[in-house]
Structures are given as C-alpha cells and as structure tokens.
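For reference, the structure is listed below as structure tokens.
Computed from a predicted structure; not experimentally measured. Order of the sequence lines sets the chain letters (A, B, ...), proteins ahead of strands, with each chain counted from 1.
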Number of protein chains: 2
Amino acid sequence: MNEKIEIKKKVLTKNDEIAAEIRRRLAVKKIVALNMVSSPGSGKTSLLEKTLAAMNDRLNIALIAGDVQTENDAQRLLRAGGRQVRSIVTGGACHLDANMVDKVLEEIDLTGVEVLFIENVGNLVCPSGFDLGEDKKVVLISTTEGDDKPLKYPSMFRRSSALIINKIDLLEYSDFSVDRVRENARSINADLETFEMSCRTGAGLDPWYDWLEAKVAEKKGS
Amino acid sequence: MNEKIEIKKKVLTKNDEIAAEIRRRLAVKKIVALNMVSSPGSGKTSLLEKTLAAMNDRLNIALIAGDVQTENDAQRLLRAGGRQVRSIVTGGACHLDANMVDKVLEEIDLTGVEVLFIENVGNLVCPSGFDLGEDKKVVLISTTEGDDKPLKYPSMFRRSSALIINKIDLLEYSDFSVDRVRENARSINADLETFEMSCRTGAGLDPWYDWLEAKVAEKKGS
C-alpha cells in the first residue's frame with residue numbers, strides 16, 4: 001500500500017521539521033529536554049514525582065504529561081510540587097508528536113527552566129518513531145514486565161540514551177533478571193546508560209539525580 | 001490533515017472486510033476466537049501457557065502469537081504443549097491486523113479446532129482499533145500497572161468482553177485496588193466480565209477455564 005507509506009513519510013517529515021525547531025528553541029535556552037517513554041504502568045509518573053520531591057529546590061523543572069485520556073498524571077505532578085505542569089490529552093492517539101508539544105510549549109515560561117520532562121503516552125512501540133525535539137529519550141522498564149522486552153520492542157531501546165529499571169523491590173517475586181535485561185538492552189544499544197531503582201521505596205534514585213544534574217551542567221557549558 | 005484521515009479510513013475499511021471474512025470462516029467451523037490484548041508484560045503468554053497446561057487435553061486449541069520482534073512467545077507456547085502455534089512478527093508495526101491473521105490462518109489446520117487464541121502485540125492503544133475477526137477481545141491488566149489504566153486507555157476496555165486482572169499475588173506490594181480497577185473498567189464498559197488471578201501462583205484460574213469451556217459449548221450450540 002504505497003499510498004499509506006507516502007502519507008506516513010509526509011507526516012514524519014513534517015514532525016521532524018517541527019521537532020528540529022523545538023530543539024533549536026530549547027538549545028538557545030540551554031534546557032535539557034527528556035522524552036520519558038515506557039509501557040503503561042512502568043512508573044514514569046512515579047519517577048517524576050520522586051524527582052520533583054528531591055530536585056525541585058535545586059533545579060528549575062517544567063513538565064509536560066501526555067495521556068490518551070485524563071489529566072491524572074498532570075494532576076499528580078502538580079500535587080508533587082511541579083511549578084509548571086502542562087497536560088496533553090491525545091484523545092486516542094497512541095503517542096505524542098512534535099506539533100502537540102510545540103503548542104503546549106507556548107503556555108510554558110521557559111525563562112530559567114533547566115530541565116523539561118515530556119512524559120509520553122504509555123506505549124513501548126509508537127512513541128519511538130516521533131521525535132519531540134528532546135535531547136534524549138529515557139526508557140523505563142519495570143521488573144514485573146519481563147526481561148525480554150528490549151528484544152521484543154527493539155526500536156525504543158535503540159533510540160533511547162538511558163534505561164531505567166524500575167520496581168527492583170519486586171525482583172524476588174518474578175523471574176526477571178537485571179543482568180539479563182541489561183544484556184538484552186545493550187545487545188540492541190551498546191551505549192545505553194542504565195539505572196536500577198524502586199520509585200516506591202526510593203532505592204537507587206541518587207545516581208539518577210546525579211545524572212540529571214550532570215546533564216544540566218553539560219548543557220550550560222555547551 | 002484530511003489526506004491522512006482518508007488513508008486511515010481506507011486501511012480500516014479494508015481491514016474490516018478481511019476480518020469479516022475471517023469471522024465467517026471461523027463461525028462455520030464453530031471456533032471460539034479470542035484476541036488477547038494488553039500492555040507489554042501483563043501476562044498474556046503466561047496465561048496461555050497455564051491454559052494449555054490445564055486445558056490442552058479437554059479442548060482443541062490453536063494459537064497465533066504476535067510480536068514486534070522475536071518469536072519468543074510462540075516458542076514458549078510450543079514448549080507449553082501447544083499443538084498448533086504460529087508466530088506473526090510485525091517487524092515494527094504496533095498491532096496485528098486482519099491481513100496478517102488471514103495469511104497465517106492458511107497454515108493452521110482448523111479441522112476440529114475449538115479455540116483460537118490470537119495473542120496481540122503488547123500495546124494498550126493501537127490493537128483496539130483493528131478487528132481481527134475474533135469473537136471477543138480479552139484485555140489483561142496486571143496489578144503492578146496501576147488501577148487507573150482503564151480510564152487512561154478507554155478504547156481497549158470499551159471494546160473488550162472480558163477483563164483479566166493478573167498478578168494478584170503482588171497486590172500487597174502496590175497501591176493497586178481490585179475494586180477500583182473493576183469500577184474504573186465498568187465505568188467504561190458495564191458489560192465487562194472480570195477475572196482475578198495470578199498466572200505465577202495459579203490462583204484464580206479455574207473460573208477462566210470454566211468461562212472458556214462455556215464459550216465453546218455456546219458456540220457449538222449456535
């Protein structure tokens with residue numbers, strides 16, 4: 001069905017143009033933009049809640065929370081102390097695109113912002129194809145999902161810069177192996193930086209905070 | 001972007017035609033066809049493994065396992081005793097479609113088959129829009145994913161006939177409420193039949209087996 005492929009190409013080209021423009025705008029302001037991706041329920045919002053609690057005094061953080069329906073995640077991030085939180089409800093669409101992000105960025109005062117988190121729709125497939133103008137994609141996987149997921153959904157792991165292995169407090173209740181998931185992920189993308197944590201217990205979060213601060217420092221020096 | 005919408009309509013119309021034809025073929029042979037949908041890692045393959053172990057002597061079961069990459073799931077189902085197992089590797093596509101199922105059905109001897117399981121790609125969004133010619137969609141959610149998921153991904157729950165709440169052995173380690181997820185799901189779809197189970201411990205599986213046998217008996221009487 002060539003017609004379908006043609007349209008898909010057009011949509012992606014248009015998306016990439018808008019994403020490139022977003023990237024330019026954020027670069028001028030030296031903002032680290034992170035596109036947070038995962039299956040539904042891997043803990044993207046929990047990680048951002050924890051990050052706000054720990055880092056809100058040290059970093060100027062803005063957040064965009066995308067969902068197919070409801071503004072639940074945006075509300076959670078506001079309750080967690082988010083100063084600038086905006087919601088994108090896709091109304092059925094399975095991923096965010098650059099146009100959606102572009103529109104909502106107009107409502108955010110970017111002056112002084114150091115980190116922009118974009119929480120994508122929970123979906124381990126479609127968001128991998130849509131550049132949002134981010135610096136990096138950060139992919140989460142939880143220990144209850146199975147350690148073969150990088151092999152089954154390779155595109156997302158190939159395009160991500162960091163892998164967060166969440167819910168390590170539940171390791172003893174599953175056959176999930178941290179070593180195996182890391183090995184599987186690195187067979188797809190050898191450069192992936194990995195973190196192991198439990199957003200529920202708070203274990204393992206410090207290296208993530210350090211990484212964030214390092215990225216902000218790098219960006220300011222760039 | 002009207003051009004995009006037009007193409008999408010054409011794709012869906014073509015899909016629905018093929019799905020209707022599949023449905024007719026399966027109806028003639030009195031086969032119960034179930035489209036198994038969920039996020040990655042909710043336990044679709046584990047449920048089918050358990051179902052094969054318990055029911056393979058009592059029901060003639062064929063299985064199609066869809067994945068973006070790898071034939072891991074099909075191999076697991078073969079090891080679990082599946083007599084006819086076929087794999088669909090979508091190579092990037094985020095859902096199965098009727099054309100893929102149609103092609104692989106040619107390789108399955110449908111004579112005497114009573115239940116056809118079609119395990120979709122792990123994705124709580126896109127598979128909801130593509131009819132595969134099934135009798136029913138069965139949606140799984142695991143207790144580690146959060147009980148708000150029916151509200152955030154309503155289309156899948158609206159189009160499913162049964163909801164399987166898996167991993168109840170992990171309930172005590174999360175804030176997930178079975179009552180709340182059932183309430184959320186039924187606010188979207190009042191007719192959803194629900195099951196609570198742990199494919200790991202085997203708890204709660206009997207009502208699911210009974211339901212399957214009842215659907216086969218209904219079909220034979222139809």
Side-chain angles (χ1 to χ4, degrees), chain A residues 1 3-8 10-11 14 38-43 45-46 67-73 76 89-90 92-95 99 121-129 141-156 166-167 169-170 172-176 188 200-201, chain B residues 1 3-8 10-11 14 38-43 45-46 67-73 76 89-90 92-95 99 121-129 141-156 166-167 169-170 172-176 188 200-201:
Chain A
M1 196 171 280
E3 202 180 2
K4 190 179 161 194
I5 293 169
E6 275 307 307
I7 292 283
K8 204 172 164 187
K10 262 197 223 172
V11 168
K14 182 72 190 158
S38 80
S39 299
S42 302
T45 316
S46 297
D67 253 314
V68 174
Q69 282 299 342
T70 82
E71 300 193 350
N72 289 3
D73 289 351
R76 283 174 60 186
V89 177
T90 69
C94 50
H95 59 84
N99 193 40
V121 171
N123 182 336
L124 209 46
V125 189
C126 316
S128 81
I141 188 166
S142 65
T143 61
T144 52
E145 289 170 50
D147 48 38
D148 59 344
K149 293 302 172 287
L151 303 179
K152 295 172 79 176
Y153 304 88
S155 172
M156 196 66 99
N166 190 24
K167 306 191 191 177
D169 54 314
L170 299 179
E172 60 186 297
Y173 309 107
S174 76
D175 304 324
F176 188 98
I188 306 289
R200 199 170 73 97
T201 68
Chain B
M1 197 170 280
E3 203 181 1
K4 189 180 161 193
I5 292 169
E6 275 307 306
I7 293 283
K8 203 173 164 184
K10 263 196 222 174
V11 169
K14 182 70 191 157
S38 79
S39 300
S42 301
T45 316
S46 297
D67 253 313
V68 175
Q69 282 300 342
T70 83
E71 300 192 349
N72 290 3
D73 290 351
R76 282 175 59 186
V89 177
T90 69
C94 50
H95 59 85
N99 192 42
V121 171
N123 181 336
L124 210 45
V125 190
C126 316
S128 81
I141 187 168
S142 65
T143 61
T144 50
E145 289 170 50
D147 49 37
D148 59 344
K149 292 302 171 287
L151 303 178
K152 294 171 80 176
Y153 304 88
S155 172
M156 194 67 98
N166 189 25
K167 305 190 191 177
D169 56 312
L170 298 180
E172 61 186 296
Y173 309 107
S174 76
D175 304 324
F176 189 96
I188 306 288
R200 199 169 73 97
T201 68

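For chain B, the nearby part of Lys167(A) is the side chain; its heavy atoms alone come within less than 4.5 Å. Proximity to chain A (any heavy atom under 4.5 Å) is restricted, for Val125(B), to the side chain, taken from C-beta onward. Only the side chain of Leu170(B) has a heavy atom closer than 4.5 Å to any heavy atom of chain A. Looking at Lys152(A), both its backbone and its side chain come within 4.5 Å of chain B, counting heavy atoms on both sides. Contact of Pro154(A) with chain B is made through the side chain alone, with heavy-atom distances under 4.5 Å. For Thr144(A), the parts sitting under 4.5 Å from any heavy atom of chain B are the backbone and the side chain alike.
Contact tally against chain B (heavy-atom pairs below 4.5 Å) for Cys94(A), Gly146(A), Ser38(A): the top residue is Cys94(A).
A salt bridge does not link Asp175(B) with Arg200(A): every distance from a Lys NZ or Arg NE/NH1/NH2 to an Asp or Glu carboxylate oxygen is 4.0 Å or more.
Put simply, CD on Gln69(A) and OG on Ser155(B) are 10.0 Å apart, with the number rounded to the nearest 0.5 Å. Put simply, CG on Asn72(B) and CG on Asp148(A) are 5.5 Å apart, with the number rounded to the nearest 0.5 Å. Rounding to the nearest 0.5 Å places CG of Asp67(B) at 10.5 Å from CG of Leu151(A).
Of the possible donor and acceptor atoms, one in the side chain of Tyr153(B) sits under 3.5 Å from a partner among the backbone N and O of Gly122(A).
Taking 4.5 Å as the limit, some side-chain heavy atom of Cys126(A) sits within range of a side-chain heavy atom of Cys126(B).
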